[in-house]
Each structure stands twice: as C-alpha cells, then as structure tokens.
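Everything below concerns the one structure shown next.
Just so we're on the same page: letters track the sequence lines, and every chain starts at 1. Scope of the values below: all heavy atoms of this structure, side chains included, with no hydrogens, waters or symmetry mates.
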Amino acid sequence: MSQIILDAVEKVYPGGVHAVKDASLVVEDGEFVTIVGPSGCGKTTTLRTLAGFEQPTSGTVGLGGIEVSGVPPNERATGMVFQDFALFPHMTVGENIAFGLTVGGDWPEDEVDTRIEEMLELVELSGFRDRMPDQLSGGQQQRIALARALAPEPEVLLLDEPLASLDKQLRESMQVELRRIQEQIGITTILVTHNQTEALTMSDRIAVMNDGRFEQVGAPTEVYQQPATKFVADFIGTANVFDGTVRNVSDSRVTVDCDGVEFEAAAPDYVAVGDSVTVVTRPEHTVVEPGDTRTNVFEGDVSVSRFLGDHHECHVTLPSGSDVVGVVDSDGPTVSGGDRVSLGVDAKDCLVVVE
Amino acid sequence: MKVPDNTKISQNRRGFLKYTSVAGAGALTALSGCVGGFSGDGTASSLTVSSFGGAFKEILEAELYEPFEEETGISIESQAQGGTAEIIPRIRSAVENGNAPVDVLTVPVPGVLRGLNSDLWMTHEESEFENLEFISDDLMKYDDDGNLVGIGSQAWLINLVHNTEETDNGPTSWTSLWDSTYEDQMAMMTPPVTGYMPDIAAAIHFDGADSLQSESDIRDVFEKLSEVTPQAQMWYTNEANFQSSLENGETPMGMLYNDITLVLQDQGAPVESTFVDEGSVLGSGRWVSPRTSENGTAITQFIDYASRPAVQDRVSRNLYTVPTIEEQHSELDAETYQRVAGPGLDSAIVPNFDMYVERQEFINQLWNELIIDS
Amino acid sequence: MSDGRETTRSSTGEYARLETKRGSGRDRLYQLLLNSYTSLVIGFVLLPLVVISLMSFTPSEFLRFPPEGLSLRWYREFFDSRAWLVAMQNSLFIAIAAAVGATSIGATAAFALDRYDYRFEMVLTGLSILPILLPPVIIGVAFVTLFGLLGVGGEPWTLAVAHSIFFSPFPFVLVSQGLGDIDRSYEEAAADLGAAKATVIRRITVPLLRANLFAGALFAFILSLNEYIISWLISGFSFKTIPIQIFTSLRYSYSPVIAAVSLLFIVMTVVVMLMVDRFAGGMWK
Amino acid sequence: MAHEAQTEPATDSGRLPPIKYLVVSYPAIALVTLFAVPLLLLFVFSFFRNISGGYLRYVVTAENYVRFLQEPLYLDRLVFSLRIAAVTTLGSLVLGYPLAYRLATTDSSLLRRAVMVLVVSSLWLTFIIRGYAWAVLLRSNGLFPILAAELGLTDAPVSLVPGYWALVVSMVYVFLPFMVLTLYTSIKNVDHELREAARNLGAGPITTFRHVTLPLTKDGIISGSLLVFVLSMGVYVLPRILGNPPQWTLAVVIGNQVTVESNVPFGATLSIILMLVVVALIAVTVRLAGVDTFGVSATEEGEQG
C-alpha cells in the first residue's frame, strides 16, 4: 500500500507568502500523477511537503497509510530526483547509489553491492559505477539520479522537474524511459513539471495547479478535452479563448455572444442566460476556410501562417481584435499573411467554461 | 632537525596542553605529543642567561659562558633580550605569574631600578660570593633594606663616533650636537633611557644632574635639547640601523657605544670612536635574577665567576666594555684600558638614572614630542 | 573564453578591419601601455622578494648588492642556531593551533549563521569579521589586558588563542562563501535518501566545503606564522616566534641570516598558496 | 526554475531550537569572551590610572582622554596616520587598478595564476620581511639609490631609509595586494560582453573604460580603498623599520605605551580612539557608498550568485 494523501494542505511561509492553498489529492498505489503548473504556482512546495523538506502550515500528509506530518525527510520512504540531479560531486556513481542504502543502516551490507548493480542495470548504465558525476552526460546523470532515488526501495518516487535541464531530444527519450522504469517497478510516482506536454504524455492523471490551488485533477484526455477552468484550458494545450455572455439556452445547446461573434456550443446543464462564460476551442478543431461544414463560422485576417509539416497553422486576427489559431486541412487552400479568411468550428468542439 | 634540550620548550608544551583544554580541539593532543620530543629535563644543572644580542651575546658566549660551563659543568642557555624598556614589563608579568623565563640577566641601571620598584629581583647573600670585593662599589645595587640585588656585569661608554672616510676629524665635543655645521649628519639614540641625551644637555648647558631635579628644570633642559634635532639625520633604537649606515658613510657620525665601534673597527669598518671632551656617557649593567628563579645556587656561582678579575678582563679585551672591577684589580695593560675606558670612568657623565624611573611618563612624553616633531 | 579583439575581428570582417586600421593601432598602443605599466608593477611586487632571495646566498658578512658569490653559509647558520630553530618550532606550533582554532570558530559561526536564524545575527556577523578590520595593535593591547587580568600573561598558549580569534574571519568568510555556493539539493537528496542531519553534515556538507575549510585553515596558518605585533605584545620574556626573532635580530645587525630565514618563509608561503589554489580548484583560473 | 522554497530560508528552524543554539554557542562564546570582552576591557582600562612601574589604580578617571586632547603629540600622530593611510591608498590604487584590470581581462590563465599566487603570497608574508627587503633596497648601497646615482638623478647614492618616502613605498607595497584582489574580483564581475558591446557600438578603449568598466567597478574601488585605508591605519612594523620618529603612526605610539612605558591605560585610551576612528570610517563609507565591504553590507541583499 503506497498511497499518497494530501488532505487540505496549506503552506504559508513566514514572510506571508501563501504557497499552497487547501490542496487535497490522493495518488493510488502504483499510479503516476503529474502536478503541472506555471512557475511559482506552489507545485514544488507541494512536492517538498511530501518529501518532508517543508512542513505544512495546516492539513495532513499521508504516505503509505501513515500520517507523516512532522516526520523528518530521512525517515520518510520517499525517493526524490532533483531538478539538477544533485549527484554528490565528491562521490562516484556507485557511492552515490550506495548512499541511501548505507546511511539508513537498514540495508543488509552484503546486498548493497548487488543492489547497486541491479539499479545500474535498470537504468542501463552498467559499467559506469566508478565514474564521477562530472564525467557523465546530462542524460546519464539523470538516470543515475533515478537509480540513486530508487535504490533504497522507497514507497513513492518524487520527481522535481527532472527533465528541465535536458535538451529537447533527450527530454523526449527520457520521458519514455522514465515511464518505462516506473511501470516496470510499479512505484507510486509524483512528477512536478511546468511542461504540459510532459504532463500529458507521461501521466496516469494530471493535477493542474495555479496560484497554490489544484484547479483540476484528472486523466490527461479528460483534462485536455474537458478543462474545468479557463486557466486549465489555456495552460494545457493551445486554446482559443473567447469571453462572452450566454444569450440563449435551449435543449442541448447554448448560444454565447463573444464580442460580436456568436458561438453555438454544447450546453452544460449549469449555465443560464446572462451568465458570463468563456468559450474554448482547440486549434485542431478550428478550421480555416471550412466551407459550410461547421456550425460556427466567423471571419478574420491572417497575420501569420506557418507550415508545420502535416498541416499549416494560421494565426488570425478577428475584427474584435482577438487572436485565434486555426489549422488549414492538408487539402485546403493556401493562405498567407493579409488574406481575409473564414474560420469554422463545430458546436461539439466548443467548450463552455464558467469561472 | 636536531634540537638540544630546552627547559623553555617544556613550558611551551604545558602551554599547549592548557590551550588544548581551553579550545577543546582534540587535534592538539597529537600536537603536544610532537612537542614532547623537544622537552628538556629542567634540572638545576642548567641556567638560562640573557644579555643584549648581536656581537655582545656572541662574545659573552665564547668568553664567559663556555669557560663557565667547562669549569662548573652547569650548562648555559644563552638568550638575546630586547631593549631595557621592553624587557622589564615582560619579566614582571612572568614573575607575577610565578614563572622564571630566565635565571640571570644583565640589565642597565634604569631597568634594575624599575624591577626593584616592582619587587622583581632575587636578593643575594654577599657572604656566598668570593669575588664581589673586586667589583666597584658604584656598580653594586641594593634594595631599600640593604639586600644585594644587582652586581655589576659590564660598563660601557657612549661616545661620539664617525666614519673616517667621510670626515677626517670627527666631532669631539657634545656641543657639536647643537652645532649647525653638522646639520642632518648625526645619528642620535632613542629612547632617552638608553641614550641619556637629557643628561648630556644638562651637563653641557646647565649644572649637570642638579638641573634635572624638578619638572620645570627638566622642561628647560628639553627646551635646550630640542635644538639638537636639526642635526639628527636618524634617530635609532636599533644599533644595527646606525651601524650599517655608519659603516658605509650614509650617516657620517653620531652617538654610539665605544665597545660596538671597536668591534666594527676590528671587522675592518672605517669607523672611529672619540672619547668626548666633556666626558662620555657612562652606562652600566647589573646581573640580576628574577626572584621566582629556583636556581639560586647556580646563579650565585655564575655571577661570582663573572666577577673574577681575570674573567672581567677577558670579556673586556674581546667585547671592549669597561671592566666592572676597580681599576687596580684589572690586569689590562694601559693601552687596552685606554682603548675601552678612555680617560677613565671618573671623568664620564653619570646619568641621573632615578629620574628616568621616577618621571618615566613625563620624560617620555617630552621626549616623544621632541623627536617626533623634529 | 574569447577575447574582445578576437570577437571584433571575426565579426567585422576583413574589409571593415582595413578601414578601421588606425583605430586598431591605437588599441594596440593602449594594450602595450597597459602591459608595460603592469609589468613594472609586477616587477615592483617581485623585486624585494628576488633581492632577499639573492641576498640570502651572499658569502659575505655584510649585505651587498649584487652579492659577490654564492654560499649556503647563512642557511647553515640558521640550521645551526638554536635560537632560530626554537623560534621556528614556536611559530609552527602557534600557527597549527591557530589554524585549528580559527577554522573551528570561523567555520562554525559561518555554518550557524547560514543555516539558522538568530535574533542577534548582525552582532555575531560583526564579531566574526571585525577582528581582521581592527588594527592588530589594538587587538594586541586588548589581549594584554585580558591575559594580564587572568594572570596568564606571557604564556605561549595565549598567542595561539589570540591568533585563533584574530584570524577567524578568514575561515568565516571562506566557509560562508562555500555554504552560499553549495546547492542545497545535495543535502536534501541525502536527507531524502535516509541520512540523518548529522550524517548529512558529515558525509555531504563538510566534504563539499573541504576546499573552503582547507583554504581557511591554510590562510590562518600562514597569517599566524607571519604575525608580529600581537605576538610581540603578548609574548613572554623569552618566547620568540620567527617574526619576533627577526625583529630582535634586526636590532643588532642586518645579518644575511635574516634573508635566509625570509627566503625559507617566502618558499613556505608560496607553497601553501599553491596548495590553496590547488585545493580550492584553481581560484584564479 | 529555482525552488520556490529557497526564497524562504531556514524553514525547519522552528523545529530544532536546541541544536541551533548548540551550534552557535561555540563561536559565540569564543568571540564574546575572547574578543568582545577584551575590547570591553580595553574601554574599561582606558579610564584607569597608571602608576609608574606599570601598576594600575582602579579609579574611574577621564584623565587619559584629557591627556590625548591636551598634548598635541597624539592628535598629531592620529592625523599623520590618516595622512599616510590616504597616500598609501592612492598609491596602491594607481598601481593596483591597471594590474587588476589586466589580470581580469587577460586570456592567459598562466599569467593570471602566476601573478595571483605571487600577489597573494606576498600578501601573507610578514611585514617585517617585506620591510626588511625595502630597507635593503633603499639603503645607500641598495639598488634604488645606486640606480638613481647612475642615472644622474643624485650625485651619490642617497639613502632613503629611514624616511617618509621609504615608509610610503613599503606601505604601498604591503597593501597593494589587498587592492589588487578586491579590484580583480570587481573587474572580473563585469561581463566582458558589456565591454564588447560598447566597442561594438563604436566606443574607443578609453571611452569604454570611462563609461562602462569604471562605473561598474566603482564599488570595487571604494571597497578596495576602504580596506587599504583601514589596514594602513593600523600599521606598526613598517614605521619602526623604515621610518624615523616623525614617521611613527599612532599604532607605534600605542605599542610603545604598552611595551616601553608599561602604560596600559593610556595605550588602551589611544586604542579606543584609533578603533573609533576606524569603525567610524567603515560605517560612514558603507553607509554613504552602500557598498558590500568585507561581507558587511549596508543592505540586506545577498550576493547575486
């Protein structure tokens, strides 16, 4: 049982900074959850609260069914990978991995050696045991940091922006690698990142954090397709956001007036006429020169058109002044800056978000 | 590195052990083990004797300490000491702590007096000495109760000296200190308690020691003395400073000990010492012992040995200091005696030592103003 | 690391360079002036050390420049002289004790101030730095009063105590810098891996600070070795360190043995500084 | 990027008060008993009366301070100390800035390290040895007077020791390393791209120096000058080796009061006065210039990494 429970955790720093507000989250045994949010949203503080580096001002933290508030970091069964890896520069790779096995004193001495080899094998770096950290590449350091964190068989794995300092290609391969290893051992894992792609691709569930609060917790597809708030919509993936007022509610449809453009959208059951809402569309559903196939069509001027390999992406300025991103189908027309175009989006692809 | 036994080092070790406990630095325990290798046996069969350094110390070692060691089997640890003014406070601090960093030392009269005021000196039984009868009575020092504390060690004369390559005729009179023809050419001694320049001024321009009795008289003397400053090219505390600049003529003339000048001459330096017309300044040292020393018997033996006329003569022949035995006991030939003592001690200016001790602060204040403003 | 000229040349190209030839000539002139001037200054720094070194090999009694030959006479005199050797031992013992004392005080203060909050932090910081800013003669007089009052005036260990305090700002500043530079995540990683606080300090913090601690201790060592005025004020009648012994010797003669001792000291100092440079990972790369 | 938490230090301090005080107790006790207390004693002693022979009378009297004010000698020495410190500071700045500039901007790691080791080594070498070296060089049979005579500047070699200029030269020599090290760090901290940017924008070397390097190293100049000035104020050995009595600093007078005259109370009085002057100098400079000097900063901001 390696469940993680955060229950109504609050963190207020002595200086008055309110870093975490009423945060509650349950991570099930073996689950991979990513906390994602912009810099300074409180996600790292949340992670450090779990590791024991910070004490919550109020609320409780549970690890593996035990309430751990007040327990120092070294007595918590957490394994953490730090942003810059924090490999001890004065120890070899082997010594780094052995550190967690020997300091606690609860690891049988004769098994330390085998465990080191086992971990090196797990991260596919057998033979690097006697290197010093500064002789390793970024990716190798990352793997060793992971091996070190996992060596003492922690109940949960905490990853603090572990891929942030790697270059793009390496980052992508490490995303796959991390997930592989996590699934192989089946360890409960929390990843903290500000990179939404990373969050979407790696996790079982995503917890989107903003200004110290969890705005939405759910599976990646759910969060992407059904953002609970404007912030989530904007932060996860690219979104076109239109603020407006509900004009009409009928059956399963609502009509929203956004600065002169009227959107028809699927109606959530909680909106009423006169509500201020936000309509969200994804670029891939917002098609340039759609013909008559879309429910909502509106016009604007192309400012930039970019070729992205399988499609063109178009930035369009609406008469209201707001910018919208749309796509041109592969068989669609060629557009360039200055063209006046029409954009279309289906009602089912228009999400209505209430603040 | 081979280092002979040394009682001072063992004291050093005690110090470190003490420090260890104070600082609580465990590493030092190992250190004290190292120091242990150098500790001496501390028996009374060795004496620590301190004198002035340089040639003075070397000659005393060769002509006094070594023969004494051979004769008695008591080994001597020879040390160089700083200026009189600086050593007395240190001796006092050691004595007050019950230590005796040295067993016998030779101290000029003002130092002996200062030590007496602080009750630093061991008193001696005259009957235990055999050779005190030879020592000039003027050079014995008794405390207020009439106990013997200091026995004459050496006497020396402060002369006017000059570099023979720079000037054919050096100054012969103390009046040249005031003579503007010597402007910026002379070396003068400081502090006053070693150079005794107030006594010179008093002897030349006033009524001698009588003119140094009251503060206002002393002020008058200093007023006159301030006229010597234009002639001073250098004020020296360290003989070495003047010695080297005298040798190469940088400072062509000045006040210096007759004995040191003669040693320089022997080494081939173009220098000459002149017994001053109005009398050279007579300084003298006493053998004294801190009262905390526990080597009383050996001390008596040493001082007694040093007081033998033959030993005094031997030291004088080599060091060119004036023997402290009365002239009739000295077997120095007339020429040698003339070389070290000139026209004799009777014609020398004897400084008003008491003044320097009793009015120390006052004198030093006047003196510092005088030389610093120069 | 690229230099200013290099960049200008490669980015402006051949023709631009020809056009600005007069300007670049002026650049070179300034560089030449700077180089000549600084070479003179380096010479100024070097000269006395070189002269002392040469002097120490003079065969004659008096210091002459240039020396008339080469001789190890004065080194022999140094190693034959009990007074000098005892002074050297005294100096070394005081310096080692001072290095241990100063480093333990300075480093602990730096650690405490870096890791914890105190109400009188500014006071402790001030006390940690002030000793080196006050004229040493004042520190010396202050210790004279203290040790005099305690009745331990003149005891050799008082020098070690005084130097420990007087030089503690060096380890303090160096260790403070080191603590500031250490990435906290090393210590957190260790704690996360199960190391208790004391273990973290022993296995992570101290090893990472090794260069700073070592440099601090060496600084204190070499400074103590060279310190004169405090030692002189508080030392007893017969206790001499090398600087005191030199000063006392200077009183009676400018013997070349002083030059010999000086060169030994210069060599020791340079060796220690090279060690500091090496252990601190090349401070001046 | 950075851990949010690191903006708020010592978050676990609340949990471990005993350890926190245990750790600080050793240096605090050492510094208080062995540094603050002696300084306090110095203050107390300055109100005692000295009796000839080095004994004290434990009476509270201001006569030592009165003596300082009444006798022109001591104020005169204080003024002299300030003057020679100013000359030394100026001298080491003039010699030190170009050297530090060259070291900080050179490509040659060898030159930099060699000169740095030389500078720092000479820094630690006792004043006595360095003073002695200058005494040797400036005596009439020393290098400089002979050189001056050969060049026809003087008729014959003229000894410069003891004398004012010998003292100035040796003091500049002794304090130059402090200036160089401070300025080196300061110049090194100026991003070389800033200089390149200035050059790229058309500024000549002089203009670049005047408008970019110099303003950006102003704090270094102030710190270095303050450091040299303060250290020069306490110089004792050099005036003794290279100066005549007119070149004695207040520190020499203090030393004499204690060693020669056994007048600890008056020595303590002069020490307190010298200390007040030094501390006031530091405080005023730090306040006015707002520079981070010797790690004591007027502002609470830490270093920029």
Worksheet entry | Contact origin within Leu233(C) toward chain B - heavy atom pairs under 4.5 Å | backbone
Discussion item. On a heavy-atom basis, which atom in Gly154(C) and which in Ser93(B) lie closest, and how many Å separate them?
Written reply: N-OG, 4.3 Å
Worksheet, complete the sentence: On a heavy-atom basis, the closest approach of Asn97(B) and Val152(C) is ND2-C, 3.7 Å
Considering only heavy atoms, which portion of [X] lies under 4.5 Å from any heavy atom of chain C: side chain, backbone, both, or neither?
| X | answer |
| --- | --- |
| Glu239(B) | both |
| Ile260(B) | neither |
| Phe52(B) | both |

Fill in: Among Ile87(B), Val95(B), Thr48(B), Asn99(B), the one residue meeting side-chain contact (heavy atoms from CB on, under 4.5 Å) with Phe237(C)
Ile87(B)
Practice prompt. Under 4.5 Å, counting heavy-atom pairs only, tell me which of Ser244(B), Gly53(B), Ser78(B) racks up the most with chain C.
Written response: Gly53(B)
Worksheet item: Is there a side-chain contact between Ser235(C) and Arg90(B), using heavy atoms and a 4.5 Å cut-off?
Response: yes
Worksheet entry | Heavy-atom pairs under 4.5 Å with chain B, option from Leu250(C), Thr158(C), Ile105(C) with the top count | Leu250(C)
Worksheet item: Looking at CD of Gln79(B) and NZ of Lys240(C), how far apart are the two atoms once the value is rounded to the nearest 0.5 Å?
Response: 5.5 Å
